[in-house]
J.: 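Mind looking over this structure? Questions follow.
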Amino acid sequence: MKQPSRQARWERRTQVPLLVLAVAFAVAYAVPIVAPDAGEGVHRACTHAEWAVWAAFAVDYLVRLGLAADRRVFVRTHWLDLAAVVLPLVQPLRLLRLVATLMLVGRRARMAPQVRLTTYVAGAVVGLLMFGSLAVLSVERDAPRGNIKNLGDAVWWSFTTMTTVGYGDHSPTTGLGRLIAVGLMLSGIALLGVVTANIAAWFIARFERDDQVERMQLAVLRELQDEVRALRGEVARLRGGDGDGDGGGADDGSGPGAMPAQAAAGAPPSCAGQAGVTSPTP
């Protein structure tokens, strides 16, 4: 049995801690937006927590790079992870740290074999709704012509945007808010396609199982029909052999088992002769 590599063992061990850190990042990101009137210490602590989570993912990337058998292949096949780690350093915005963390969590979750497609899609929907609402609220709340002023409006806008309904009662007015809207629209279309494909694949698999069962039943019926035909042929052959033996004995009346015609008629010869003679009249 092939032993897993050191990189695979590291990814398996750090999966749960990194997911916990991602949840902590979500809380640290949401608190300043939901409670803007919180103290300066709370905002500072949340900012430090966001950078700590990002640093943990950066360390994870560096460790996986060091454990990789071929580092060039690792960088080439994990370029999205590298971009997510480097992006916040180029322009350290909170929204970029959000995007980077989501990208890294998504990459690690897809590597996990126990994460099923349905769970991943459901988590992606909830995550996009939550982070999309918080992100658009953070950039639109203080906009001069903005109409998304509270969390309820932001969540409603995220729902209508992800489902590509777009009622128009709430819409972003800033450039960054519209950029977030484009991302939510594309993500909603992609997730809808994944859900539709998953449902279609389920129906196709179900129909294929039914067809396979039906084919197996037809094969069994054909085997039974072949056996019945073989038995009928065997019975007909046996009957034909018995009929030939009986006919040969009936044509030849001199066989050892043959009986005279008179005996077969049931009357003895003497009785037949007496029946033809009349007695004299006295």
J.: Could you tell me whether Y61 and F74 have their ring centroids closer than 6.0 angstrom?
T.: yes

J.: Using modelled atom types and a 3.5 Å cut-off, is there a donor and acceptor pairing between side-chain atoms of S158 and backbone atoms of S133?
T.: yes

J.: NE2 of H170 to OG1 of T160: how many Å apart, nearest 0.5 Å?
T.: 8.5 Å

J.: Members other than V235 in its cluster, when Ile, Leu, Val, Met, Phe, Trp, Tyr link by side-chain heavy atoms under 4.5 Å?
T.: none

J.: Knowing that exactly one of L129, V155, V34 qualifies, which makes a side-chain contact (heavy atoms from CB on, under 4.5 Å) with L134?
T.: V34

J.: Just jot down the side chain to side chain contact (heavy atoms under 4.5 Å, CB included) partners of V63, sequence neighbours excluded, or say none.
T.: W10, V59, L67

J.: For residues 215-233, which residue pairs qualify under side-chain hydrogen bond (donor to acceptor under 3.5 Å, both in side chains), counting only residues two or more places apart or in two chains?
T.: D226-R229

J.: Are V23 and W54 joined in one hydrophobic group, where the rule is that I, L, V, M, F, W and Y side chains link up if heavy atoms are under 4.5 Å apart?
T.: no

J.: So do W157 and L184 actually touch side chain to side chain, heavy atoms under 4.5 Å?
T.: yes

J.: Hey, what do you get for CE (M185) to OG1 (T163), rounding to the nearest 0.5 Å?
T.: 10.5 Å

J.: Which pairs pass side-chain hydrogen bond (donor to acceptor under 3.5 Å, both in side chains) with one or both residues in residues 141-150, sequence neighbours excluded?
T.: N150-D153

J.: Report the residues that fulfil side chain to side chain contact (heavy atoms under 4.5 Å, CB included) with R71, sequence neighbours left out, ordered by chain and then residue number.
T.: L65

J.: Who are the side chain to side chain contact (heavy atoms under 4.5 Å, CB included) partners of A49, not counting sequence neighbours?
T.: A28

J.: When rounded to the nearest 0.5 angstrom, what is the spacing between OG1 in T173 and CD1 in I148?
T.: 8.0 Å

J.: Taking transitive links into account, so neighbours of neighbours count too, which hydrophobic residues share a cluster with V27 at under 4.5 Å side-chain distance?
T.: V31, V42

J.: Going by side chain to side chain contact (heavy atoms under 4.5 Å, CB included), name the residues that satisfy it together with H43, two or more places apart in sequence or in a different chain.
T.: P32, A38

J.: Under the side-chain hydrogen bond (donor to acceptor under 3.5 Å, both in side chains) definition, can you give me all pairs with a residue in residues 174-192, not counting sequence neighbours?
T.: E140-T174

J.: Of all the heavy-atom pairs spanning A154 and L137, show the shortest one and how long it is.
T.: CB-CB, 4.0 Å

J.: Apply salt bridge (Lys or Arg N to Asp or Glu O under 4.0 Å) to E234 and list each qualifying residue two or more places apart in sequence or on a separate chain.
T.: R237

J.: V182: which other cluster members, linking ILVMFWY side chains closer than 4.5 Å, directly or transitively?
T.: L186

J.: Which hydrophobic side chains are connected to L231, either touching it within the sub-4.5 Å cutoff or through other members that do?
T.: none

J.: So which atom in L21 and which in A56 form the shortest heavy-atom distance, rounded to 0.1 Å?
T.: CD1-CB, 3.5 Å

J.: Assign the ring pair Y29 / F25 to parallel, tilted or perpendicular, where the plane angle (0 to 90°) is split at 30° and 60°.
T.: parallel

